[in-house]
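The structure under discussion appears below in the form of structure tokens.
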Amino acid sequence: MKKYIGEIGLIITAIIWGSGFVGSAMALETYTPYQILAGRFLIGALLLCAVFYKKLKFMTKSVLLKGTILGVFLYIAFTLQTVGLQFTTPSKNAFLTAVNVVIVPFIGLALYKRKLDIFEVMGAFLAMFGVAILSLQWSAGVNIGDFLSFCCAIAFAFHIFYTSQFVKNEDPIVLTIVQMAAATVIGFVVVLLKGEMAFSMEPGGLSSLLYLGIFSTTIAFLLQTVAQKFITETKAAIILSTESLWGMVFSVILLSEVLTIKMGIGAVLILGAIILSETKLSFMAKNRSKRVT
């Protein structure tokens, strides 16, 4: 039952992130990318502290260290994604970011000699191909934006991997609070160094920033951290890769984007990846055994 709680939590996270593309686009009309990052993490840290303030008494050196590590990976990943987007196409940025789904299982192999689950690895590659077909529009050449987007995927992969590692022994809520606080501190240091401390109070931009802070940051990352306590990091990465799928769904529903065959194939591949990693094709083995008997 706990496994299904983890899967449902990650699916909700992916849905929220998929809807966040619209919020990000609207917020960028008012704020700089670095202001958005600082603002959304600040909102996340304040909300989590306000709601779960009783949890703060369980703060330990261990959770402070682990949460800070996650916060650093989180801020680096978002920054690389944002800066990379300025030099490459949105479709290539989305695809290269999604490559994290393939990187995650190999981090465990390289650092912890963890055996690869062949079905989860196959599912990871299938999900990556699904995202490629869903979002990618090829353009000639590789540029600095592509490289930064790929580095973003590595940072997100480490964040997903170590979230699974750290929640085994730490309270996921306290861990989320610390990582939000760490990302907030880094965010405002960067904003201060760049001289971007003047935040606009324009209603449209502010409402978009609040949406990103409340839903795409506070709720989504809290769900992710709690859910990863009950699910493997590779399966978590595969489910989170459906962010692209949900982004397509919201684009079709809210922005009247035309649904194409290409989108449909990509969606089927991503859903197939989840089924493959979840069932390990056990239903086929059962059907074979029934035919034999």
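All heavy atoms count here, side chains included; hydrogens, waters and symmetry mates do not. Heads up: numbering here begins at 1 and tracks the sequence.
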So salt bridge (charged side-chain N to carboxylate O under 4.0 Å, His left out) across residues 203-230, not counting sequence neighbours, yields none
Sequence neighbours excluded, which residues qualify as side-chain hydrogen bond (donor to acceptor under 3.5 Å, both in side chains) partners of Q165?
R114, K168
Is it possible for you to say whether V185 and V190 belong to one hydrophobic cluster, with membership spreading through side-chain heavy-atom contacts below 4.5 Å?
no
Donor-acceptor pair, Q35 side chain versus E196 backbone, under 3.5 Å?
yes
Not counting sequence neighbours, list each pair that qualifies as a salt bridge (charged side-chain N to carboxylate O under 4.0 Å, His left out) and has a residue in residues 171-180.
K55-D171
Test Q224 against I160 for side-chain contact (heavy atoms from CB on, under 4.5 Å), laying out the working first.
CA-CA 9 Å; Q224 180 195 349; I160 292 170; 4.0 Å; yes
Do the side chains of L28 and P33 get nearer than 4.5 Å, heavy atoms only?
yes
Looking at Y211, I want to see if its OH is surrounded by more than 12 non-hydrogen atoms of other residues, nucleotides or ligands under 6.0 Å.
yes
Tell me if the CZ atom of F166 is crowded by more than 12 foreign heavy atoms within 6.0 Å.
yes
Which residues pass the side-chain hydrogen bond (donor to acceptor under 3.5 Å, both in side chains) test with T218, not counting sequence neighbours?
none
Answer yes if I154 and L111 sit in the same cluster of Ile, Leu, Val, Met, Phe, Trp and Tyr residues linked by side chain heavy atoms under 4.5 Å apart, and no otherwise.
yes
Any chance you could lay out the side-chain contact (heavy atoms from CB on, under 4.5 Å) test for V99 and M128, step after step, and finish with the verdict?
CA-CA 6 Å; V99 171; M128 185 187 71; 4.1 Å; yes
Nearest 0.5 angstrom please: I239 CD1 to I12 CD1, how far?
11.5 Å
Which pair of heavy atoms, one from I231 and one from S164, lies closest together, and at what distance?
O-OG, 4.1 Å
Can you find a pair of side-chain heavy atoms, one from M59 and one from V174, that are under 4.5 Å apart?
yes
With ring-ring contact (aromatic ring centres under 6.0 Å, His included) as the rule and sequence neighbours excluded, what pairs involving residues 35-69 come up?
F41-F78
CZ on F221 to OG1 on T13, rounded to 0.5 Å:
8.5 Å
Does the side chain of F73 come within less than 4.5 Å of T163's, by heavy atoms?
no
Any idea how Y162 and Y112 line up, ring-wise: parallel (<30°), tilted (30 to 60°), or perpendicular (>60°)?
perpendicular
Of all heavy-atom pairs between T184 and A45, which one has the smallest distance, and what is that distance?
OG1-CB, 3.9 Å
Examine the side chains of T176 and T225 and answer whether a donor and an acceptor come within less than 3.5 Å of each other.
yes
Sequence neighbours excluded, which residues qualify as side-chain hydrogen bond (donor to acceptor under 3.5 Å, both in side chains) partners of T234?
none
What residue among L74, T79, V72 forms side chain to side chain contact (heavy atoms under 4.5 Å, CB included) with I76?
V72
For residues F199 and L193: do they belong to one hydrophobic cluster (side chain heavy atoms under 4.5 Å, members Ile, Leu, Val, Met, Phe, Trp, Tyr)?
no
Heavy-atom pair of closest approach, residues A127 and V101
CB-CG2, 4.4 Å
Atom CG in L175, atom NZ in K66: separation rounded to 0.5 Å?
8.0 Å
From I16 atom CD1 to W246 atom CH2, the distance as rounded to the nearest 0.5 Å
12.0 Å
Treat each ILVMFWY residue as a node, draw an edge where side-chain heavy atoms are under 4.5 Å apart, and state whether V189 and V178 are in one component.
no
Can you tell me how far apart OG (S149) and CD1 (I144) are? Round to the nearest 0.5 Å.
9.5 Å
Among D117, V121, T232, I238, which residue meets the side chain to side chain contact (heavy atoms under 4.5 Å, CB included) test with P105?
V121
If you compare all heavy atoms of A273 against all heavy atoms of L126, which two are closest, and at what distance to 0.1 Å?
N-CD2, 3.5 Å
Rounded to the nearest 0.5 Å, how far apart are CD1 of I11 and CD1 of I15?
7.0 Å
Student check: side-chain heavy atoms of L269 and I133 closer than 4.5 Å:
yes
Measuring only between side-chain heavy atoms, which start at C-beta, is V131 closer than 4.5 Å to I270?
yes
Test side-chain contact (heavy atoms from CB on, under 4.5 Å) on L56 and I177; report intermediate values, then the result.
CA-CA 9 Å; L56 297 177; I177 292 173; 4.1 Å; yes
Worked verdict on R40 versus Y31 for side-chain contact (heavy atoms from CB on, under 4.5 Å):
CA-CA 12 Å; R40 68 186 292 176; Y31 303 105; over 6 Å; no
Shortest non-hydrogen contact from A227 toward G6
CB-O, 3.2 Å
Which pair of heavy atoms, one from V102 and one from A124, lies closest together, and at what distance?
CG2-O, 3.7 Å
same_hphob_cluster(I261, V268) at 4.5 Å side-chain heavy-atom cutoff:
no
